[in-house]
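See below for the structure under consideration.
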Protein chains: 2
Amino acid sequence: MRTNVTMQDIANKLGVSSVTVSKALSDKEGVSDNLKIKIKKLATEMGYRYNSAAKSIKDGLSYNIGVMIPQRFTGPNESFYLKVYQQIALHLDSYGYYGILNILSNEDEQLLNFPRIYSENKVDGIIILGQVSKQYIETVQNMDLPKLFLDFYDEHAAIDSIVTDNFYGAYEITNYLIRSGHREIAYVGNIYSTSSIQDRFLGYYKSLLEHGLTLDHQLLLNDRDENGKYIDIELPEDMPTAFVCNCDQIAFELCDRLNSKGFKVPEDCSVVGFDNDIYATLSTPQLTTVEVDIDQMARTAVKSIMEKVSNPNRQTGRILVQGKIIFRDSVRKLNDESATTND
Amino acid sequence: MRTNVTMQDIANKLGVSSVTVSKALSDKEGVSDNLKIKIKKLATEMGYRYNSAAKSIKDGLSYNIGVMIPQRFTGPNESFYLKVYQQIALHLDSYGYYGILNILSNEDEQLLNFPRIYSENKVDGIIILGQVSKQYIETVQNMDLPKLFLDFYDEHAAIDSIVTDNFYGAYEITNYLIRSGHREIAYVGNIYSTSSIQDRFLGYYKSLLEHGLTLDHQLLLNDRDENGKYIDIELPEDMPTAFVCNCDQIAFELCDRLNSKGFKVPEDCSVVGFDNDIYATLSTPQLTTVEVDIDQMARTAVKSIMEKVSNPNRQTGRILVQGKIIFRDSVRKLNDESATTND
DNA sequence: CTGAAAGCGCTTACAG
DNA sequence: CTGAAAGCGCTTACAG
């Protein structure tokens, strides 16, 4: 049933050599226009399809990029990394490449196993999408392939990385709260949990410092345990006027909790999030938040990995992708100063 | 920098032939245990990696399956198909296969272009995930490869398909409402929009028929225009006691709308959804709904396409994957009969 | 303009 | 148990 037409088949029918067919189909020099047209026509008629495996073996390239996502970030309600993967696949397409998704199982991460895409030479480069354990980072370093960390980084590993500018995003949105007249501002998030959450905290802290506000440890609210499992947020006794949440989902939960305790958002407390994901528009009120630019992250990641494929010594370092504040209805202005002015 | 060790390199170092190395590494007959151990050890030391392109060219198989999702189903807040793709990739792994994601652009769908994964022979089979146009279905039929429709089907195309049992799921959940004492029950959804929505409507209708209830066209509420764009749901003058929604997102919107109009769910009206996606738990109250078994769909799709790869004549027909009702808080019991009894 | 030869990395079938 | 030869489908470098 499968036709499986080869260049040789076309050559035979036309009484020419497969070299000529190859040249004609790839528009190379050295075939008369007349013959070229005949060859192309016959190829279409015979349903010829290019065999990319043959090209791969010649070039030593698979024309695939592996995208590895740790299993733990793939729960039923998590789709952020899948979205990023989708954009990566889209951008790879414009380079003539394909994206192969590889979920890194907890077991393989624990046992420090190489992924099959690596040991079978299925890819020309690997994008690791989502923080892996310190030990697995070493395993990644031992892989003899271009590789890139996406959405996290590691100080010890000399592996290029692309991350959202978490620090600056949190800094900006905290500045916005302060410009809006807020002075008691809480941060919600476990600052020992991931580098993203920690960096967002530091951006918040920098904003406080710059405005001469002191960091009140009573206003650092935990939202998850060491394993990343969400816990109930304990509201402080002396309530702040605003909350900077490490992500929209937590901001969403916080709004719920505040509402149920009788606090109105934003009348009694303002709440801001981070990510601009689905939770930002589903919460009541809709959240003012920092949008993570998924498309730009994917675009940058693809550009960077493709450069490394053609030049394995290429170093791109740590690239920060800017987010931008999306203004919605969860912040109350406590003063008269225009709140939408930039710093 | 890339080592790129081949079997020949190993053979040279050991003064044997590459045939022997090949046999040793793939645990074939015909190599002494002693030599086999030496070869394996050296292979590890040299960082040897199998070249799957060479295998592909020998076998005429790419060991990839393409998963094609029409662009229109990949909006920023849509992740259902990406979840399905993720599960497909996971299940393919256990067959030694990989999943290549291919977003079918609106343009390519319009122009009836073959996807690159097909014309470059990158895959051994294609799963089309999400309804494509009638014309594109013909294009798919012309592809000389095992193929499968996932989450939709077409009466004219003799292409095997796997769908959620939309009909039966809607039938069951409507039965449940009727058992709970409801008699005026609306259906929310554009019944000309997709086969899924239409089939869910028919399941709802069958339940009415079986219980001697008449279909009231005032209670068929539209939720989207011909292009699939959501429109505001118009509530009927004579309110029903329950609403069967074609999906959770619409049920979520409906709850919002009912709440804002002063109707309480489920006290004044009951609402049920379909899908059991993120909207089911984010709505107030949480929704009773039909869960679509994503994992089972992916598992079945992978099994089916793998069978077709090894035997292109294999026909699997239209396979229905059962969902199950998830009971939550959006249905009020209007009678005393136990509402959780099965029919 | 056209094509014979060699080679990419591996495996299969066969010979020793 | 071990290996020389041929071949998978294509391309490159070279010769005519």
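All values below come from the heavy atoms of this structure, side chains included, with hydrogens, waters and symmetry mates left out. Letters go in sequence order (proteins before strands), and every chain restarts at 1. Predicted model, so just to flag it, every value in this text is computed and none were measured.
Of all nucleotides present, none satisfies the Watson-Crick or G-U wobble test against C:dA13 with each distance under 3.5 Å. Under the Watson-Crick or G-U wobble criterion, with both distances below 3.5 Å, D:dA4 is left unpaired in every strand shown.
Scanning all heavy atoms of the two residues, the minimum distance from B:Leu25 to B:Ala43 falls at CD2-CB, 3.9 Å.
The CG atom of B:Leu145 sits 11.0 Å away from atom NZ of B:Lys308, with the distance rounded to the nearest 0.5 Å. For the atom pair NZ of B:Lys55 and CG of B:Asn51, the computed distance is 11.5 Å after rounding to the nearest 0.5 Å. Rounding to the nearest 0.5 Å places CD1 of B:Ile100 at 7.0 Å from CD1 of B:Ile117. In this structure, the separation between CD1 on B:Ile159 and OG1 on B:Thr316 is 11.0 Å, given to the nearest 0.5 Å. To the nearest 0.5 Å, atoms CD1 (A:Ile127) and CE (A:Met297) are separated by 10.5 Å.
Under the 3.5 Å distance criterion, with hydrogens and angles disregarded, a donor-acceptor pair is assigned to the side chains of B:Ser62 and B:Asp124. Side-chain polar atoms of B:Asp151 and B:Tyr81 form a donor-acceptor pair below 3.5 angstrom.
Residue B:Val19 is the one, among B:Val19 and A:Ser22, whose nearest nucleotide of DNA chain D lies closer to the 5' end (criterion: closest heavy atom). Where B:Lys23 and B:Ile57 each meet DNA chain D at their nearest nucleotide, the meeting point lying more 5' is that of B:Lys23.
When heavy atoms are screened at a 4.0 angstrom cut-off, A:Lys55 is found touching no nucleic acid atom at all.
For DNA chain C, the residues of residues 25-42 of chain A within the heavy-atom distance limit of 4.0 Å (strictly under) are A:Gly30, A:Val31, A:Ser32, A:Leu35, sorted by number.
Heavy-atom contacts of chain A under 4.0 Å fall on DNA chain C between two terminal nucleotides, which in 5' to 3' order are C:dC1 to C:dG9.
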